[in-house]
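Numbered from 1 within each chain, the chains take letters A, B, ... in sequence-line order.
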Amino acid sequence: MKDFEYEQPQSLAEAVQLVQEHQGAARLLAGGTDLIDQVRMGRYQPDYVIDIKKIPELNVLEHSSEGLRIGAAVPCYKIYGDKEIVKQYSALTDSCTIIGGTQIQSRASVGGNLCNSGPAGDSIPSLIALDATCVIAGSQGERTVPVADFCTGPGKNVLKPGELLVELRFPARPAHSSSHFRRFIPRNEMDIAVVSVGASVVLDDKGETIVSARIALGAVGPKVINAVEAADALAGQPVNEDSIQKAAEIAISLATPITDMRGTKEYRLHLTGVLTKRVLLKAIERAKA
Amino acid sequence: MAKKRIVTAEVNGKTEEFLCQPRQTLSEVLRDVLNLTGTKEGCNNGNCGACTVIMDGMPVNSCLVLAVEADGSKIETIEGLAEGETLHPIQTSFLENAGLQCGICTPGLIMSVKTLLDSNPDPSEEEIRFYLAGNLCRCTGYDKVVRAVQDAASKCQSGS
Ligand SMILES: Cc1cc2nc3c(=O)[nH]c(=O)nc-3n(C[C@H](O)[C@H](O)[C@H](O)COP(=O)(O)OP(=O)(O)OC[C@H]3O[C@@H](n4cnc5c(N)ncnc54)[C@H](O)[C@@H]3O)c2cc1C
Ligand code: FES
Ligand code: FES
């Protein structure tokens, strides 16, 4: 592997200073499950690797009536190990339990998954469905960006040189709501999504009408797609096959997949419809339970 | 070249101090510096699990951990499992159930199984298969591995 210096800041201020100082020459290290191989293969050639796992702000894991806060370096196993998060933010824990295998989940963070900004990153559709916001720190202080606006293309995002992701914030979950994430892969585990869908629904108190929804589509575009039109078409509609079918058709119209070794464009469009339906049905089932 | 760092970690119950470069992975250092060659290197990119060790109680791919990250941590490798000449029940179960053929995947598999049984002493077959999805084996076809794990679970529970 390329030679580099290793820094392990103990505070956010120290980390911000280091990324400012080494702008362009530094790469941040959370779980390293993307980064270490990327450095080994030469995709990134940092002179400085800055390990952010010792920074208290990046290890926050807190839920309250205000919502949920997850530090950017918190590994997957801690997220799905929290029963309250499994119950309230189910789509996210669905994602965390399928990112890699057990060994990967011991290290891999949701922050790293998001900053890697892959179109098939398995946490991203769930973050969008659950309306998460990124808290970003830089020399000018903090700013916030909705996850839906964070990624700008494959491997690209709105982080400027000298900035880092601090935490993800999620609004509190309304009553009669739930969420789900699912991906299609040719085997049961350890593979990259051919298509993935995350969705969240809020029902009325009788469980008969959809009050609002959010839907996000993975691996069918240069970045995860926030399928606003498909979700909005569900608002005010009765909970039935017809409403879900319509939303799935709109989702297909929003997808812009390519053909590659994982699947053809046509196959991915078909899967987008199938998964959107299944994910909505499961989220609705959970919201009623 | 980046300066070498001094790293102190507890490896298999013993405090070890070693020198390494920031770019060296934990698997490299375990094998080449500490001479603990029981930990294997397969893919070197996180996919095969041959390099699995236990770090602060969690199974990790040591090819995706920098050795400098291990400073202050507790590492368990396959070398630490047996007590003297007495094999750990998981090792005995793998032998008795033919849970290995060439054996390259075995140290990693056994370390994963150790954390599985520590957290879930009586796993179902499905739980075993999902938990071990990050440990690839080209030889056994996995069925015998699963049987070995089931046997190890009952051995560990009965304390034999
Ligand atoms: C065998 C294997 C299987 C995998 N399976 C899956 C899978 O099923 N689904 C999936 O989505 N991914 C998968 N991955 C990819 C990877 O594990 C995930 O993307 C993981 O979530 C990355 O998190 P990390 O903490 O390891 O990130 P790191 O590797 O530490 O970082 C990822 C990138 O983000 C940057 N970064 C990290 N934190 C910050 C921050 N706070 N601010 C700014 N930049 C930051 C890093 O510099 C790096 O470029 C797999 C990887 C392997 C090796
Ligand atoms: S050598 Fe580490 S996972 Fe294959
Ligand atoms: S025994 Fe040969 S790879 Fe598993």
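- Per-residue counts of heavy-atom pairs under 4.5 Å with chain A were compared for L116(B), T25(B), N61(B); the largest is that of N61(B).
- The shortest side-chain heavy-atom distance between R107(A) and E69(B) falls under the 4.5 Å cut-off.
- Here the CD atom belonging to Q103(A) is positioned 7.5 Å from the OG1 atom belonging to T115(B), to the nearest 0.5 angstrom.
- Only the side chain of S112(B) comes within less than 4.5 Å of a heavy atom in chain A; its backbone stays farther off.
- Between the side chain of R23(B) and the backbone N or O of M1(A), at least one donor-acceptor pair lies under 3.5 Å.
- In this structure, CZ in R5(B) is found 9.5 Å from CD in Q8(A), a value given to the nearest 0.5 Å.
- The part of L29(A) that comes within reach of chain B is its side chain, from C-beta onward, which places non-hydrogen atoms under 4.5 angstrom from that chain.
- Enclosure of atom NZ in K74(B) is not indicated, since only 12 or fewer non-hydrogen atoms of other residues, nucleotides or ligands lie within 6.0 angstrom.
- One N or O on the side chain of S106(A) and one on the backbone of P59(B) form a donor-acceptor pair closer than 3.5 Å.
- Here the NZ atom belonging to K54(A) is positioned 7.5 Å from the CG atom belonging to D71(B), to the nearest 0.5 angstrom.
- E96(B) CD: more than 12 foreign heavy atoms inside a 6.0 Å radius.
- Here the shortest heavy-atom pairing between I104(A) and L64(B) reads CD1-CD1, 3.9 Å.
- Here the side chain of D3(A) pairs a donor or acceptor atom with the backbone of A2(B) at under 3.5 angstrom.
- Summarising the geometry, atom CG belonging to N47(B) is positioned 9.5 Å from atom CG belonging to D191(A); distances are rounded to the nearest 0.5 Å.
- Heavy atoms closer than 4.5 Å to chain B are found in the side chain of K53(A), but not in its backbone.
- Residue contact with chain A, scored on non-hydrogen atoms closer than 4.5 Å, involves the backbone and the side chain of L66(B) alike.
- The minimum heavy-atom distance linking F130(B) with T102(A) is given by the pair O-OG1, 4.4 Å.
- The parts of N44(B) that come within reach of chain A are both its backbone and its side chain, each placing non-hydrogen atoms under 4.5 angstrom from that chain.
- Counting non-hydrogen atoms of neighbouring residues, nucleotides and ligands closer than 6.0 angstrom, the CZ atom of R278(A) reaches no more than 12 such neighbours.
- Here the OG-OH distance, from S119(B) to Y77(A), works out to 11.5 Å after rounding to the nearest 0.5 Å.
- Heavy atoms of other residues, nucleotides or ligands lying less than 6.0 angstrom from CD of E126(B) number 12 at most.
- Distance check, rounded to the nearest 0.5 Å: CD of Q21(B) to CZ of F4(A) gives 9.5 Å.
- Open room surrounds CD on E83(B); 12 or fewer heavy atoms of other groups in view lie less than 6.0 Å from it.
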